[in-house]
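Some notes on the structure that comes next.
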There are 2 protein chains.
Amino acid sequence: MATPEIKSVGKAFALLDCLAAEDDCVSLPSMAKRCGLSVATAHRLLATLEALGAVVHTGPGQYAIGLRMLDLTRRSSFETLLASATMPILSRITRTTGSTAHVAVLDSERMVTYIARSANRANRIPTTPGIKLEAYCSGLGKVLLADLSTDDRDTYLADGPFPPLTARTIITPEALDRELAAIRDRRFAVDDCEMFDNLRCVAVPILHPDGRVIAALSASQDSTELSRAQIQELVTQLTGHAAAISTKLFRRGSAPRAAH
Amino acid sequence: MATPEIKSVGKAFALLDCLAAEDDCVSLPSMAKRCGLSVATAHRLLATLEALGAVVHTGPGQYAIGLRMLDLTRRSSFETLLASATMPILSRITRTTGSTAHVAVLDSERMVTYIARSANRANRIPTTPGIKLEAYCSGLGKVLLADLSTDDRDTYLADGPFPPLTARTIITPEALDRELAAIRDRRFAVDDCEMFDNLRCVAVPILHPDGRVIAALSASQDSTELSRAQIQELVTQLTGHAAAISTKLFRRGSAPRAAH
DNA sequence: AACGCTGATCTCATAATCCGAGAACGCAGA
DNA sequence: TCTGCGTTCTCGGATTATGAGATCAGCGTT
């Protein structure tokens, strides 16, 4: 049998969810009902959470998330979490395929922010965590751009320019727009020596459960070591890893038990 | 007997504390030891937290705070928490003393940011939540300035100027420095019609358990209704309320049980 | 290739912990 | 004073958590 779950902890988080939901302050009985708990149990749990500083009881019918919760997340951010969650997987990709692997997100300026990487021996890509590079010319960037809203994408394409970094760089807004549509269609991007000569790269999206692209995962290799024929297999592998990352990040097991 | 605490929840938070502590990733056995838990128990709790998304197991010896924790605190901030925790107390102050009551913090520009207020009927003070006013001329501001480090205080005093808002406003850096020293000494500030004519105000610090001043609490009244003789009694009341707020915010009951 | 290490996972009987209905309480407004 | 709402408490019964140790899995070493 799988490891049994501590039910009290799940209930405590159900209550915390209620408090974090839009309505700022809720009463104990209403939270109890929403979480399928008896009033007595909800009270005990809230009293415990309050003693721990995770919840503050500010008055009748008023509970709120406490300072302790803020302290616990003070050193965390989506980026650092993504980095630590993906590092082991990046290492495995490098080990099994010989590629340099990257994870990146798109910032508000439409630049690609590199979150983490695992380099192979022949790595030539000058990425360090936190560095920002142009989006239009890399596999990661194109995957991330492909999921922009139509408006945002049009703005990006109109803003240009897209200077050529190699002979194969996509440099016209029209061609880039077609490329992004193709990427949305097949759910992965290929950078065929568009950023560096002789460097091929495959990138796939990392998805939020709601379908949004929240990050991208890529594997790069010298074009002498990654033939076009091998690309599809690499895509399959990366897609699996991307799904694993998504699962790891968003796993959420707390179906509120409906009381009789 | 007082409400019994759900022990599992306390243990879960002890583990979360380990993860939030400086060292980013720790192994299960080391966390178990640090929290005084058996390996089996720690494992069960971590598995539960992982299923809830509160913790991510990124690899052997690597656990980290999960996305769920970020989601729970997304809508919270110290300021909103302070506001909801103090509102009921501000109301009570207004009810029992007839004063207008305020809570405020100092921002990075040394301006007083008003967090919450409860106005009496004759209120003339134009404060709304989030508004920022000068610090040198109010009770709240002076309490907050008094706790600046010597360097920061000197910088503030040197930066000036301090334009007079009434005939009693403290306008020279020397006098303000002396006033702040006196406030540190007696642990409360009085604004004797320094900001508005005929408006007296008493302010006390709200303290972090480590002694730092993190916010201030004030009560203001028309000088015809608050004689200088009544000030000391008001201070006593406010001090009690400030201590109650501090307790409410920082309560922390999770002594890790030392295993035999 | 077998070894030893570290960390993670599982098993199971024991007993400690948690549960829930309902009653009582405190407070505020009608 | 009465009513309503939200909170707090009580207590026996049983679900639930506990912990030592065996097992498993991965990795770097001898």
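Small disclaimer: the values here were computed from a predicted structure and weren't measured. A note on names: the letters A, B, ... follow the listed sequences, proteins ahead of strands, and every chain is numbered from 1.
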Should the ring pair A:His57 and A:Tyr63 be called parallel, tilted or perpendicular, given that the plane angle runs from 0 to 90° and is split at 30 and 60?
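Judged by the thresholds at 30° and 60°, the geometry between A:His57 and A:Tyr63 is parallel.
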Side-chain N or O of A:Ser38 less than 4.0 angstrom from OP1 or OP2 on C:dC19?
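So the side chain of A:Ser38 is outside the cut-off, no N or O lying under 4.0 Å from OP1 or OP2 of C:dC19.
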Between [N] ([atom2]) and [X] ([atom1]): distance, integer Å:
{"X": "A:Arg44", "N": "D:dT16", "atom1": "CZ", "atom2": "P", "answer": "13 Å"}
{"X": "B:Leu46", "N": "C:dT9", "atom1": "CG", "atom2": "P", "answer": "9 Å"}
{"X": "B:Ile6", "N": "D:dT8", "atom1": "CD1", "atom2": "P", "answer": "14 Å"}
{"X": "B:Lys33", "N": "D:dG19", "atom1": "NZ", "atom2": "C1'", "answer": "17 Å"}
{"X": "B:Lys11", "N": "C:dA16", "atom1": "NZ", "atom2": "C1'", "answer": "10 Å"}
{"X": "A:Leu49", "N": "D:dT7", "atom1": "CG", "atom2": "P", "answer": "14 Å"}
{"X": "A:Leu15", "N": "D:dT7", "atom1": "CG", "atom2": "P", "answer": "12 Å"}
{"X": "A:Leu45", "N": "D:dT8", "atom1": "CG", "atom2": "C1'", "answer": "15 Å"}

Any N/O pairs under 3.5 Å between the protein and nucleotides 1-8 of chain C? List them or say none.
unit_1, atom_1, unit_2, atom_2, d
C:dG7, O3', B:Gly61, N, 3.3
C:dA8, OP1, B:His57, NE2, 3.4
C:dA8, OP1, B:Gly61, N, 3.1
C:dA8, OP2, B:Leu28, N, 2.8

Got a donor-acceptor contact below 3.5 angstrom from the [X] side chain to the [Y] backbone?
{"X": "B:Thr97", "Y": "B:Ser99", "result": "yes"}
{"X": "B:Arg200", "Y": "B:Ser223", "result": "yes"}
{"X": "B:Thr239", "Y": "B:Val235", "result": "yes"}

With B:Arg187, which residues qualify under salt bridge (charged side-chain N to carboxylate O under 4.0 Å, His left out), at least two apart?
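Scan of B:Arg187 (salt bridge (charged side-chain N to carboxylate O under 4.0 Å, His left out), adjacent residues dropped) gives none.
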Is A:Arg68 paired with B:Asp17 through a side-chain N to carboxylate O contact shorter than 4.0 Å?
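Here B:Asp17 pairs with A:Arg68 in a salt bridge, since their nearest N and O are under 4.0 Å apart.
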Do other residues, nucleotides or ligands put more than 12 heavy atoms under 6.0 Å from B:Glu233 CD?
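Check fails, neighbour count at 12 or below.
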Net bend of the helix from C:dA1-D:dT30 to C:dA30-D:dT1, end axes of five pairs each, nearest 10 degrees:
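Here the local axes at opposite ends form an angle of 40°.
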5'-most by nearest nucleotide on DNA chain D - B:Ser8 or A:Arg95:
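Comparing both residues, the 5'-ward one is B:Ser8.
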Taking atom types as modelled and ignoring hydrogens, do the side chains of B:Thr41 and B:Ser38 form a donor-acceptor contact shorter than 3.5 angstrom?
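The criterion, which ignores hydrogens and geometry beyond distance, is satisfied for B:Ser38 and B:Thr41.
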Any side-chain donor-acceptor pair under 3.5 Å between A:Arg117 and A:Thr127?
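Side chains of A:Arg117 and A:Thr127: pair found under 3.5 Å.
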